[in-house]
Amino acid sequence: MSLNNQISFFNSLALKKEKFIPNDENNIKIYACGPTIYKSPHIGNFRSFVVFDVLFRFLSSKYPKVTYVRNITDIDDKIIHEAKVRNIAYSDLTAEVYENFKSDSVKLNILNPTYEPRATDYIKNMIRDIEKLVENGFAYVKDNHVIFDTTKYDKYRDFCKNMCSESGSRIALTDLKKHENDFVLWKPSSDVFWDSPWGNGRPGWHIECTSMSKEILGFPFDIHCGGQDLIFPHHTNERAQGWGLCNKECATYWMHNHFVNIDNNKMSKSANNQFDLAFLTKNYDPMAIRIFLLMSHYRHPLNWSESGLKEASNIYAKWKKNLFDVIPLDKENALYKRDLDNVNDSNTDAQNKLYDSFSDNEASAIDASGQGSSDGSKGNDDNKLNSDNEDGIEILDSVSDALSDDLNTPLAIKKISEAIKIGHNMQNILKSCAILGITFVNKENSNDQNGNVSSLDLDLINSLVQKREIARKNKDYNKSDEIRDELTKIGIKLEDTKDGVKWYEG
RNA sequence: GGCCGAGUGGCAGAAUGGUUUAUGCAGAGGAUUGCAAAUCCUUUUAUGUCGGUUCGAUUCCGGUCUCGGCCUCCA
């Protein structure tokens, strides 16, 4: 590969970029905080999932195995509250929201993590861990609550660089807590509860992630990631719990993404200024949304804007057009199937070979669909396939280098744009796109009630195109324009080039 | 109050210690076209502010201003 292939990430704990040295090169372990499923995630939540999906894909392209855990928080105050408001069982609510989350993830081409544990499946682990924390002197019991004693961990405030101030906190000390930063490990609950040594109750939020990551990955795992707002208190507390349990750091590197803002204010469920995917996909291709989310560096704020989405749409349309020209992709092809396999089946070995499978399938999809082109475009494609490396720049390497430098996705996108413009090796471009999780198969087609390529009769299109050509040759422009309108209606665009007529979906 | 981050052209938004300041949209001119679309070519406008380091800073450092985030659930 390239000379500059050293990977480094910004470690929020050290507040600086650090060389990435895995604990075990043969199995990279990542834990990401997943969604709390009381409400469909909005585009801001998805920024996190998309960014760390790229991390997963990228490391999978570099190391033989990556174990990626992203949990589902399916028990928490807000879930119970929301279920009450809607007057449905809390398990029905979580089932519904989870389903939406998964289908949105498929749209955005977010891979299933290797493991996707649910908090409620790990209650026993949590109780065991809480007992251990009490035993180790890191927690105390009061009024059927178990509280973590933050003063027992002397590095507690290191993490957030005094983000949690010693004085001036806005929460009042309660009778339960001895110290202001102390937090709940277990609390009584009457609605949804589990039996425990401290009575019927349920776990606090922070212990959920600790117990699941400890059980599945073990400490220390390599990278713990999530949104910036989780640094305090969530990750600060996880780190403290990990120390209290094992006397070691739970994670080596911590990565946090910045937010999606609206009018320069944070998008959040509580501020009710959110956009969810269902809303956005009415007007934009999910892949354009994915590009939009990756067009900014993950540690910078991303301001949501129509113009930004439009730009991303343009980029995607341009890539698609340049790469596929007039080649229609239908849902029967191999790439589509493989994509769905990867997304739907979380426990196959396929993920460990994700990078290879993506590259192979993207490549074979191109080869297979080459015949779909009408006259004149073939020579062009051959050119693209053969013009590798003319100026010594390997697209795959430059994308890899960009991502090696603290996951610089905007630079990677720029490199791909350049490579497409120059006409670099097409298969390498597609591999690069696959690392960013950008695919050129529209998964929405199957639900699209308007016409689309996958449901269209290719013979019909070709015959209409031919009829129009005859009309044009006879200078019957009224008729030729009619046919063009007809094709536009079913979603086919035409281009009259000197090499003949080209058509594509769009 | 403590801590963190951001400030780039008409707009969006990257990159970088130094001859050509990405990219997209918008604007202007041109090529091509039956028309359209697309494409191509040419072209205008920028690094909040004040200092410092340097041969040279938009890039590094410090001050300052403005905006945002966390300190309460939050990706």
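In what follows, every chain begins at residue 1, and chains take the letters A, B, ... in the order their sequences are listed. What you see is a predicted model, and the numbers here were worked out from it, not measured in a lab. These numbers come from the heavy atoms of this one structure, side chains and all, not from hydrogens, waters or symmetry mates.
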Exercise. When rounded to the nearest Å, what value does the distance between P atoms of B/U49 and B/A31 take?
Worked result: 41 Å
Problem set entry | Atom-pair distance (CG on A/N314; C1' on B/A22), nearest Å | 16 Å
Exercise. Which is true for A/H234 with a 4.0 Å heavy-atom rule: it touches a base, it touches only sugar-phosphate, or it touches nothing?
Worked result: nothing
For this session: Look at A/K78 and B/C74 and indicate whether a side-chain polar atom (N or O) is within less than 4.0 Å of OP1 or OP2.
Result: no
Problem set entry | C1'-based separation of B/A75 from B/G17 [nearest Å] | 35 Å
Exercise. What is the distance from CG of A/L494 to C1' of B/A37, rounded to the nearest Å?
Worked result: 9 Å
Exercise. Across the strands shown, which category fits A/I315 at heavy-atom distances under 4.0 angstrom: base, sugar-phosphate, nothing?
Worked result: nothing
Problem set entry | Proximal nucleotide (of B/A75, B/G24, B/A15) relative to the A/N408 side chain | B/A15
Exercise. Among the nucleotides B/U23, B/G69, B/C73, which one has an atom lying closest to any side-chain atom of A/E311?
Worked result: B/U23
For this session: Go through the side-chain N and O atoms of A/D191 and A/S189 and say whether any donor and acceptor fall under 3.5 Å apart.
Result: no
Exercise. Who is the Watson-Crick or G-U wobble partner of B/C67, with both distances under 3.5 Å?
Worked result: B/G5
Exercise. How close or far is atom P of B/C73 from atom CZ of A/F183, stated in whole angstroms?
Worked result: 11 Å
Exercise. When rounded to the nearest Å, what value does the distance between P atoms of B/G7 and B/U16 take?
Worked result: 13 Å
Exercise. Any salt bridge between A/R290 and A/D53, counting N to O under 4.0 Å?
Worked result: yes
Seminar exercise, completed: Picking from B/A75, B/C4, B/C73, the nucleotide nearest the side-chain atoms of A/M267 would be B/A75
Problem set entry | SB check A/R472 A/E469 (cutoff 4.0 Å) | yes
For this session: Would you check if the distance from the ring center of A/F49 to the ring center of A/F101 is below 6.0 Å?
Result: yes
For this session: Could you check whether A/V260 gets within reach of a base, just the sugar-phosphate, or nothing at all, counting any heavy atom under 4.0 Å?
Result: base
Problem set entry | Of the listed nucleotides B/G13, B/C71, B/G34, the one nearest the side chain of A/F232 | B/C71
Exercise. Would one find a side-chain N or O of A/W304 under 4.0 angstrom from OP1 or OP2 of B/A12?
Worked result: no
Problem set entry | Within the 6.0 Å centroid threshold, strictly below: A/H42 and A/F275 | no
For this session: Give none if B/U16 has no partner; otherwise give the nucleotide forming a Watson-Crick or G-U wobble pair with it, both distances under 3.5 Å.
Result: none
Exercise. Now, which nucleotide makes the Watson-Crick or G-U wobble pair with B/U43, with each of the two distances under 3.5 Å?
Worked result: B/G27
Exercise. Roughly, in whole Å, what's the span from NZ in A/K16 to P in B/C60?
Worked result: 17 Å
Exercise. Any idea which of B/C74, B/G34, B/A12 is nearest the A/K266 side chain?
Worked result: B/C74
Exercise. Can you tell which of B/G69, B/G34, B/G5 lies closest to the side chain of A/R472?
Worked result: B/G34
Problem set entry | A/E482 CD to B/G34 P, straight-line distance once rounded to whole Å | 20 Å
Exercise. So what does A/S417 hit on the nucleic acid, given a heavy-atom distance under 4.0 Å: a base, only sugar-phosphate, or nothing?
Worked result: nothing
Problem set entry | Sole candidate of A/K16, A/E18, A/K19, A/K17 that passes side chain to side chain donor-acceptor pair (under 3.5 Å) when paired with A/N11 | A/E18
Seminar exercise, completed: Testing B/C25, B/C4, B/A75 for proximity to the side chain of A/L15, the answer is B/C4
For this session: Between B/C74, B/C35, B/C25, spot the one nearest the side chain of A/D481, thanks.
Result: B/C35
Problem set entry | C1' gap between B/U58 and B/C50, integer Å | 15 Å
Exercise. What integer distance in Å separates A/I72:CD1 from B/A75:C1'?
Worked result: 13 Å
For this session: Provide, to the nearest angstrom, the distance between the NE2 atom belonging to A/H297 and the C1' atom belonging to B/G13.
Result: 14 Å
Exercise. What distance, rounded to whole Å, do you find between the two P atoms, one in B/G18 and one in B/C61?
Worked result: 15 Å
Exercise. Do any side-chain nitrogens or oxygens of A/S268 fall under 4.0 Å of OP1 or OP2 in B/C73?
Worked result: no
For this session: Report yes or no: is there a donor-acceptor pair, N or O only, under 3.5 Å between the side chain of A/N45 and the base of B/C74?
Result: no
Problem set entry | Nearest-0.5 Å distance that lies between atom CG in A/D77 and atom NZ in A/K187 | 3.5 Å
Exercise. Starting at the 5' end of RNA chain B and moving along, which residue's nearest nucleotide shows up first, A/P410 or A/D76?
Worked result: A/P410
Exercise. Do A/H206 and A/H234 make the cut of ring centroids closer than 6.0 angstrom?
Worked result: yes
Exercise. Between A/R47 and A/K318, which has a closest nucleotide on RNA chain B that is more 5'?
Worked result: A/K318
Problem set entry | Spacing of the P atoms in B/G63 and B/A6 (rounded, Å) | 15 Å
Exercise. What is the pairing partner of B/C60, taking Watson-Crick or G-U wobble pairs with both distances under 3.5 Å in any strand?
Worked result: B/G52
Problem set entry | Ring center gap for A/F56 and A/Y68 short of 6.0 angstrom | yes
For this session: Could you check how far NE2 of A/H235 sits from C1' of B/C71, rounded to whole Å?
Result: 16 Å
Exercise. Quick one: the side chain of A/R484 and the base of B/C35, do they pair up donor-acceptor inside 3.5 Å?
Worked result: yes
Exercise. Is there a side-chain polar atom (N or O) of A/K475 under 4.0 Å from OP1 or OP2 of B/C35?
Worked result: no
Exercise. Heavy atoms under 4.0 Å, any strand shown: does A/G226 hit a base, just sugar-phosphate, or nothing?
Worked result: sugar-phosphate
Exercise. With both distances under 3.5 angstrom, what nucleotide forms a Watson-Crick or G-U wobble pair with B/A37?
Worked result: none
For this session: Identify whether any heavy atom of A/N303 sits under 4.0 Å from a base atom; if not, whether one sits that close to sugar-phosphate; answer base, sugar-phosphate or nothing.
Result: sugar-phosphate
For this session: Taking atom P in both B/U54 and B/U59, compute the distance separating them and give it to the nearest angstrom.
Result: 16 Å
For this session: Tell me whether the centres of the aromatic rings in A/F10 and A/Y253 are closer together than 6.0 Å.
Result: no
Exercise. Using the P atom in both, what is the distance from B/C65 to B/U44, to the nearest Å?
Worked result: 38 Å
For this session: For A/S480, answer base if it contacts any base atom (sugar-phosphate contacts may also be present), sugar-phosphate if it contacts only those atoms, and nothing otherwise; contact means non-hydrogen atoms under 4.0 Å.
Result: base
Exercise. Can you tell which of B/G34, B/G69, B/A12 lies closest to the side chain of A/F259?
Worked result: B/G69
For this session: Check every strand shown and say whether A/N257 touches a base, only sugar-phosphate, or nothing at a heavy-atom separation below 4.0 Å.
Result: base
Problem set entry | Listed nucleotide nearest any side-chain atom of A/Y477, set B/G34, B/G24, B/A38 | B/G34
Exercise. How is A/H42 classified with respect to the nucleic acid when contacts are heavy atoms under 4.0 Å: base, sugar-phosphate, or nothing?
Worked result: base
